[in-house]
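Written out below as structure tokens is the structure these notes cover.
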Amino acid sequence: MSFDQASTLRQIVNNNGRAAPSQNIRVMSVTSGKGGVGKTNIAINLAYALSNLGKKVLLFDADLGLANVDVLLNISPRYTIEHVLSGEKDINDIILEGPNHIKILPSSSGISDLAELNRDEQMYLFKKLGQIEHTLDYLLIDTGAGIASNVLRFNATANDILLVATPEPTSMTDAYSLMKVLATKYNVRKFHLVANSVQSQAEARMVYERLQKVTHDFLNVQLHYAGFVIRDPTLIKAVRMQKPLLEIFPNAPASKCLMALAKQIENNYDRGIAGVQLEQENSGKFWDRFLQWKRNK
């Protein structure tokens with residue numbers, strides 16, 4: 001059945017009323033063009049680091065159908081986003097308490113129907129997420145990798161997009177492809193690069209400069225350098241122990257990088273300046289951002 005997506009969303013808002021827009025919530029997606037680049041580990045540890053700074057953080061596992069935040073944190077959710085979409089549970093019923101007081105919104109693994117939500121389901125989920133914005137300082141969305149529609153739409157509704165890439169040529173190529181699709185299809189014009197698994201800050205800057213050059217030459221987008229995470233063998237140990245790196249190895253080199261990234265995000269958010277910055281024009285509720293990219297499509 002075809003329908004006008006924007007009209008349906010307005011009807012949802014009109015039928016259910018609107019809470020006052022949150023002035024403090026910052027919605028950030030953590031995404032990548034290629035799988036296996038450490039995106040989920042960065043999302044988990046960034047949530048942990050922001051909580052260390054006294055912030056209320058919800059980590060949403062938005063890799064629908066292939067979720068693994070629960071695996072990396074050794075938690076077994078009884079209910080997931082699947083139960084919210086079916087109407088069996090409200091979104092507050094499925095939120096779990098994670099390490100360091102972070103909240104976890106779990107998804108499901110091995111359920112192919114979740115991998116490609118239809119438009120009604122996507123809008124219903126955006127509405128539910130909008131209901132809890134006022135309780136948070138940060139909502140981190142750990143998207144899937146690649147350019148599937150769910151990945152694109154979660155990125156398009158975020159205030160800020162943290163794009164994770166490694167020095168591998170395939171990672172950089174796929175990162176460029178993701179930016180290209182988001183710019184072309186959803187008019188997303190700003191991205192923030194996190195260079196992961198690098199040998200040094202110099203190598204991280206090399207990853208950024210290569211991507212920045214091609215985006216400048218071929219795409220009408222801005223790519224900002226957000227930071228880097230050093231290659232660190234303790235991260236593998238943390239994964240095997242199913243614990244956040246910052247929890248069990250807080251003084252590890254990668255942990256220091258992640259804390260520095262969190263502090264930069266928070267400092268730039270407070271100042272409202274360039275870097276990993278808040279997009280004022282996108283600072284409304286989820287449905288406001290949804291309507292904006294629909295108009296720009």
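Scope of the values below: all heavy atoms of this structure, side chains included, with no hydrogens, waters or symmetry mates.
Distance alone, capped at 3.5 Å, places no donor-acceptor pair between the S171 side chain and the P167 backbone. A donor-acceptor pair under 3.5 Å is formed between the side chain of Q242 and the backbone N or O of V71. Here the side chain of N41 pairs no donor or acceptor atom with the backbone of G38 at under 3.5 angstrom. Between the side chain of N196 and the backbone N or O of V37, at least one donor-acceptor pair lies under 3.5 Å. Checked by atom type and distance alone, the side chain of S200 pairs as donor or acceptor with a backbone atom of E203 at under 3.5 Å. A donor-acceptor pair is defined here as one N or O able to donate and one able to accept, closer than 3.5 Å; such a pair exists between the side chain of S255 and the backbone of F249. Checking side-chain atoms of Y208 against main-chain N and O of L223 turns up a donor-acceptor pair under 3.5 Å. In this structure a side-chain-to-backbone donor-acceptor pair under 3.5 Å is missing from E247 to K243. Although no hydrogens or angles enter the test, the distance criterion places a donor-acceptor pair under 3.5 Å between the side chain of T157 and the main chain of F154.
Here the closest heavy-atom approach between residue R231 and residue Q199 is recorded as NH1-NE2, 3.0 Å. When all heavy atoms of V30 and K39 are compared, the pair lying nearest together is O-CD, 3.3 Å. Of all non-hydrogen atoms in V207 and A195, the two that sit nearest each other are CB-CB, 4.3 Å. Considering all non-hydrogen atoms of both residues, A47 and V57 come closest at CB-CG1, 3.8 Å. Pairing each heavy atom of G146 with each of V151, the nearest pair is O-CG1, 3.3 Å. The heavy-atom pair separating L140 from A43 by the smallest distance is CD1-O, 3.8 Å.
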Test log, rule side-chain contact (heavy atoms from CB on, under 4.5 Å), inputs V194 and I42: CA-CA 9 Å; V194 178; I42 286 179; 3.9 Å; yes

Test side-chain contact (heavy atoms from CB on, under 4.5 Å) applied to L85 and K128, step by step: CA-CA 9 Å; L85 291 169; K128 289 296 182 181; over 6 Å; no

Test side-chain contact (heavy atoms from CB on, under 4.5 Å) applied to S29 and I161, step by step: CA-CA 5 Å; S29 63; I161 298 174; 3.5 Å; yes

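Annotation: cation-pi pair K89/Y79 present, NZ/CZ under 6.0 Å from the ring centroid and within 45° of its normal.
Relative ring orientation between Y176 and F218 is described as perpendicular, the plane-to-plane angle rising above 60° on a 0-90° scale split at 30° and 60°.
To the nearest 0.5 angstrom, T173 atom OG1 is 10.5 Å from E168 atom CD. L72 contributes atom CG, which lies 13.5 Å from atom CE of M241 (distance to the nearest 0.5 angstrom). Going from atom OG of S51 over to atom CD1 of I102 covers 7.0 Å, rounded to the nearest 0.5 Å. Considering CD of Q201 and SG of C257, their distance stands at 8.5 Å, rounded to 0.5 Å. Taking CG from L129 and CG from L139, the interatomic distance works out to 6.5 Å, rounded to the nearest 0.5 Å. To the nearest 0.5 Å, atoms NZ (K56) and CG (L50) are separated by 14.5 Å.
Side chains of N52 and N100: a donor-acceptor N/O pair is present below 3.5 angstrom, by distance only. No hydrogens or angles considered: nothing links the side chains of Y225 and Q212 as a donor-acceptor pair under 3.5 Å.
Legend: residues meeting side-chain contact (heavy atoms from CB on, under 4.5 Å) with A254, ordered by chain and number and at least two apart, are V229, I230, D232, L245.
Considering only heavy atoms from C-beta on, L182 comes within 4.5 Å of L152 through its side chain. In this structure, Y138 and I265 have side chains that are in contact, with non-hydrogen atoms separated by less than 4.5 Å. L46 has its side chain within reach of L162: a pair of non-hydrogen atoms, C-beta onward, lies under 4.5 Å apart. Residues M179 and L211 are in side-chain contact: their nearest non-hydrogen atoms beyond the backbone lie under 4.5 Å apart. Two residues are said to be in side-chain contact when any heavy atoms from C-beta on lie closer than 4.5 Å; R189 and Q222 fail this criterion. Counting heavy atoms from C-beta outward, Q131 and D90 have side chains that approach closer than 4.5 Å. The shortest side-chain heavy-atom distance between I104 and D70 does not fall under the 4.5 Å cut-off. Considering only heavy atoms from C-beta on, N159 stays 4.5 Å or farther from M28 through its side chain.
Only one option out of V84, I94, N92, D61 pairs with L105 in a side-chain contact (heavy atoms from CB on, under 4.5 Å); it is I94.
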